[in-house]
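So that the names make sense, note that chain A is the first sequence line, chain B the second, and so on, each numbered from 1.
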Amino acid sequence: MLDPKIIRDEPEKIKEMLKDRAVEFDLEKMLELNKVRKDMMQQTDELKQKRNQMSMKIATEKKAGNDASELLQEMSQISSKLDDMENQRKTIDDDYHKLSFSIPNMIHDSVPKGPDESFNKQVRTWGDVPKFDFEVKDHIDLGLGLDIVDLERASKTAGARFYYLKGGLVKLGQALTAFALDFVSKRDYNLIQPPYMINRQSMEGAVIADDFEEVIYKVQDEDLFLIGTSEHAIASMHYDEILEGGKIPLRYASISPCFRKEAGAHGKDQKGIFRVHQFEKIEQFIFCRPEESWDEHEKMIKNTEEFYQELEIPYRLMLLSSGDMGKVSAKTYDIEAWMSGQNAYREIVSCSNCLDYQSRRLKIRFREKSNEDTKYIHTLNSTLVAIERTMVAILENNQTKDGHVEIPKVLQKYFGDNLI
RNA sequence: GCGGGGAUCGCCUAGCCCGGUAUGGCGUGGGAUUGCUAAUCCCAUGUUCGCAAGAACUCGGGGGUUCAAGUCCCUCUCCCCGCGCCA
């Protein structure tokens, strides 16, 4: 949700944002509804004032023992008229609310403008792309060869884009998780494990309506949805709260499985464990003051880069263009890891500053002192490690000529060996 | 799952039986008094719209009864106690 001040005072900026994002949105309708809504509000307010005054009059007359039947009759008329008007207003209000919940976030000035990913900007690269003197395999062939993944049986029991991990790959996932938890604990984050299902209200606070159907699984006959990422559960954790200044910034490192429909990804990455309906992830999520959020954003992406440096995974850091960014984000960095089997950099991290966009939806405010006005807090989120995708990078980059996989040095003590 | 008790403007709390402008405290800010600190006293302190005056809204969510609902009725959610079931 956007600041109503922007909607009122600077609609041309919103128009520009919609164009930069290449998003269809009926802004005119929203502005018109807002106007009508405000007019009606004023009218109903006046009527309500009349009703309140009248109600008081009736109370005093009755207390004095006087006959109030004439007043009662008048009051009855006012009430029914007010009912009618309120019903009309509610319809308009609902429409406005829907639009205000689906309009995307404003875009930061540093974001490159362009309709798609070809306008993303490479910020820097790290590490050397590994060279092999044999024919490299992708993670699927490696995994099947070592018998550490079973995709066929998964498609039988669950469908496409599911997987059974086996033996060494299970251990590698556990090692990565243990290493990541240690890494993040040393850096001033609070570990947290959220509910894997949350209700509609919470989900709508964190996810924009257009993405909802494409991404989110619903639990039948319950007001529950499987989280697409722990971001959804952490953002809504402080729903309708006023946080104390002394306690922020709040930095959470959340561990959870993630469930995604991948409805818009037909044919993309059809095989393997790169794009799947279920995966494990450790996520960084920060609530902070508005003036801190751009610093926190930079710190968070640096933090994440250091994680991949310790794992010795070559990557490039990308600044996403206005058209490629998620709709709730004002600025997003992606880390794309080198994956030898695909001979390409592929996305493994997404790091976003959402400003006050999520907190307005979720009514999350803060104040330094208890008699101060409340302000909306800023929210930021970043992958620390998406376990399955990171395993793809490790398998493909660390493969040996005879089809084995070397375990990165920092993981060896967690894995208990140096080779799969 | 069953029975009982609860949810009030940051926190605690009165009001509900018996319908008629939401009580008090804590915390916080400002002021008074004081050599300083402490203590005491006074004022302010929910949300929205508004430059302001002001007005509206607000008692877990939704619906109903009524001229009028924190208060009465229905329903849902969550919390506490007891019973049942259970990894």
[X]-[Y] aromatic ring centre distance below 6.0 Å:
X	Y	result
A:Y164	A:F162	no
A:Y217	A:F259	no
A:F212	A:F225	yes

Sticking with atom [atom1], work out how far [N] lies from [M], rounded to a whole angstrom.
N	M	atom1	value
B:G6	B:G54	P	40 Å
B:C57	B:G63	P	16 Å
B:A56	B:G64	P	22 Å
B:A69	B:U21	C1'	14 Å
B:G27	B:C81	C1'	31 Å

With the side chain of [X] defined as its heavy atoms from C-beta on, choose the nearest nucleotide among [options].
X	options	result
A:Q49	B:A55, B:G20, B:U47	B:A55
A:S55	B:C67, B:A55, B:G20	B:G20
A:M75	B:C57, B:A55, B:C67	B:C67

Over all strands shown, is A:R8 touching base, sugar-phosphate only, or nothing at heavy-atom distances under 4.0 angstrom?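 Sugar-phosphate contact only - A:R8 comes under 4.0 Å of backbone atoms but never of a base.
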
Under a 3.5 Å limit for both distances, which nucleotide forms a Watson-Crick or G-U wobble pair with [N], could you say?
N	result
B:U33	none
B:A39	none
B:C78	B:G6
B:G50	none
B:G1	B:C83

Taking only side-chain N and O atoms of [X], does any of them lie within less than 4.0 angstrom of OP1 or OP2 on [N]?
X	N	value
A:R51	B:C57	yes
A:S79	B:A68	yes
A:N52	B:G20	no

A:K90 NZ to B:G63 P: how many Å, rounded? 4 Å

Quick one: sort the A:H297 and A:W294 rings into parallel, tilted or perpendicular, breaks at 30° and 60°.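 Correct class here is perpendicular.
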
Roughly how far apart are A:S359 OG and A:K375 NZ, rounded to 0.5 Å? 12.5 Å

